[in-house]
Number of protein chains: 2
Amino acid sequence: MAGALEPREGWVAEHCPMAATLDIVRNRSAFLILREAFYGATRFEEFAELTGLSEPVTAARLHELAGDGLLEREPYREPGQRTRQAYRLTEKGADLLPVLVALMQWGDRWQRDSRSRVEIRHRGCGAPVTAQLRCAHDHPVSGDELELAVRRGRRRTSP
Amino acid sequence: MAGALEPREGWVAEHCPMAATLDIVRNRSAFLILREAFYGATRFEEFAELTGLSEPVTAARLHELAGDGLLEREPYREPGQRTRQAYRLTEKGADLLPVLVALMQWGDRWQRDSRSRVEIRHRGCGAPVTAQLRCAHDHPVSGDELELAVRRGRRRTSP
DNA sequence: CGGCATCCTTAGGGATACTG
DNA sequence: CAGTATCCCTAAGGATGCCG
């Protein structure tokens, strides 16, 4: 009962949306699977091949991501073959796109020797796409223009 | 020589900036440490307490993040105390902010029961800040407006 | 060929005790 | 208070082999 991954105490860690998100996509392989799903992969073999993950890990991740509602399975059948599953992003899964784009961006900037094989563009307009911080008034926000406001009412005190 | 973490083959995985980024912030604890650094923590005990991580893990992560240039150590000395280290975000570390904000956002939207204790606002303007996808022409870009362009020249074939 | 079961190695992380 | 050292358990993931 000792062991890992249960945060020790945690009114802080608990209910933190970032930590909660990392509980879903907790590992590198999940990100890689999602990346390929964004890039258009749908079949088991594509995921395994393009991510470089082993088949067992690929299978485990696909199931977990489907179970968490980020991917949905869609049975398909090629003539003369048995029924197989295609995996497609759900809205919930696709909503992680800003995270992935932001990760890629950071790598492009700071990790020498890493360069995405895919460029993301705005359809039609053709301009490259980046993840940016914006305020609700649409101002671009840089790191030093941030203000942190601690929320009051530590939940269940909403009078 | 078997074992983990060396991607099996990987012209795909290799040089992917997202994977490269995840090689730096590969684990949950690294994200948690960075979160607290963004929230203003600088001292060892703050990190350990606010993240809920054990001291050994906190120490390991702080060292790794400093070694990777995301945090810098700054010796300080309180009167009558020995010299201690403060840990502050570097520009490289602060540049991960969009990733963290995007993760938080996703959790806020999709993970019921998770709600950040801190709201991020634009200083002065006061409006809440979100991570968004924008193209270079400043159009907001939604998931279905994306176009993927495979880069030509698989490195070292630039002519 | 797609997919799972088994096995083994390594990395992540808590508990506890200890040091300066 | 600011960490280290040790110990032990769990999660991640590759290799291999099996099965429909």
Side-chain angles (χ1 to χ4, degrees), chain A residues 1-10 12-14 19 22-33 36 41-67 71 73-87, chain B residues 1-10 12-14 19 22-33 36 41-66 68 71 73-87:
Chain A
M1 180 62 77
L5 289 197
E6 240 63 52
R8 274 197 308 182
E9 37 151 87
V12 201
E14 240 173 272
L22 292 172
D23 281 342
I24 302 286
V25 280
R26 91 162 47 238
N27 41 34
R28 181 191 160 100
S29 52
F31 279 103
L32 296 178
I33 295 278
E36 293 308 326
T42 60
R43 286 169 33 222
F44 182 89
E45 199 207 358
E46 293 180 290
F47 286 108
E49 174 129 5
L50 294 169
T51 56
L53 296 168
S54 67
E55 290 83 353
V57 170
T58 304
R61 228 49 35 168
L62 287 172
H63 284 154
E64 290 168 16
L65 290 172
L71 297 178
R73 315 170 78 151
E74 197 173 310
Y76 72 98
R77 172 165 227 156
E78 287 178 358
Q81 301 287 325
R82 75 160 204 267
T83 302
R84 321 225 173 237
Q85 304 294 329
Y87 298 87
Chain B
M1 182 62 78
L5 289 199
E6 240 63 51
R8 274 197 308 180
E9 38 153 86
V12 201
E14 239 172 90
L22 291 172
D23 281 342
I24 301 287
V25 280
R26 95 162 39 237
N27 41 33
R28 181 190 161 100
S29 52
F31 280 103
L32 296 178
I33 295 276
E36 292 308 326
T42 59
R43 284 168 35 219
F44 182 89
E45 199 208 0
E46 293 180 288
F47 286 107
E49 173 130 7
L50 294 169
T51 57
L53 295 169
S54 66
E55 290 84 352
V57 170
T58 304
R61 229 45 35 162
L62 288 172
H63 285 155
E64 290 168 14
L65 290 171
D68 287 325
L71 298 177
R73 314 170 77 149
E74 196 173 309
Y76 72 99
R77 174 164 226 158
E78 288 177 359
Q81 301 287 323
R82 77 159 203 267
T83 301
R84 321 231 173 231
Q85 304 294 330
Y87 300 87

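The chains referred to below are lettered A, B, ... by the order of the sequence lines, with proteins before strands, and numbering in each begins at 1. What you are looking at is a predicted structure, and each value in this text was computed from that prediction instead of being measured.
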Side chain of [X]: nearest nucleotide among [options]?
X	options	answer
B:Leu53	C:dG3, D:dA2, C:dG14	C:dG14
A:Pro56	C:dA15, D:dA2, C:dC4	C:dC4
A:Glu45	C:dG2, D:dG3, C:dC4	C:dG2
A:Val57	C:dC4, D:dG13, D:dT4	D:dG13

Please give me the minimum heavy-atom distance between [X] and [Y], naming the atom from each residue.
X	Y	answer
A:Ala19	B:Arg28	O-NH1, 3.4 Å
B:Leu50	B:Ala41	CD1-CB, 4.4 Å
B:Glu36	B:Phe47	CB-CD2, 4.0 Å

Expressed as a whole number of angstroms, how long is the span from [X]:[atom1] to [N]:[atom2]?
X	N	atom1	atom2	result
B:Arg84	D:dG3	CZ	P	7 Å
B:Glu49	D:dG3	CD	C1'	15 Å
A:Leu65	D:dA12	CG	P	12 Å
A:Arg77	D:dG20	CZ	C1'	13 Å
A:Phe31	D:dA12	CZ	P	13 Å
A:Arg26	C:dA11	CZ	P	18 Å
B:Arg43	D:dA2	CZ	P	5 Å
A:Leu22	C:dG13	CG	P	11 Å

At less than 4.0 Å, is any side-chain N or O atom of [X] found next to OP1 or OP2 of [N]? Yes or no.
X	N	value
A:His63	C:dG3	no
B:Ser29	C:dG13	yes
B:Arg28	D:dA11	no
A:Asn27	D:dG13	yes
B:Tyr87	D:dA2	no

Where the side chain of B:Glu46 meets the backbone of B:Thr42, is there a donor-acceptor pair that is under 3.5 Å apart?
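Here the side-chain-to-backbone pair exists.
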Determine the contact category for B:Tyr76: base if any of its heavy atoms lies under 4.0 Å from a base atom, sugar-phosphate if only primed atoms, P, OP1 or OP2 are that close, otherwise nothing.
sugar-phosphate
Output, in order, the C-alpha distance, side-chain angles, deciding distance and verdict of side-chain contact (heavy atoms from CB on, under 4.5 Å) for A:Arg43 and A:Glu49.
CA-CA 10 Å; A:Arg43 286 169 33 222; A:Glu49 174 129 5; over 6 Å; no
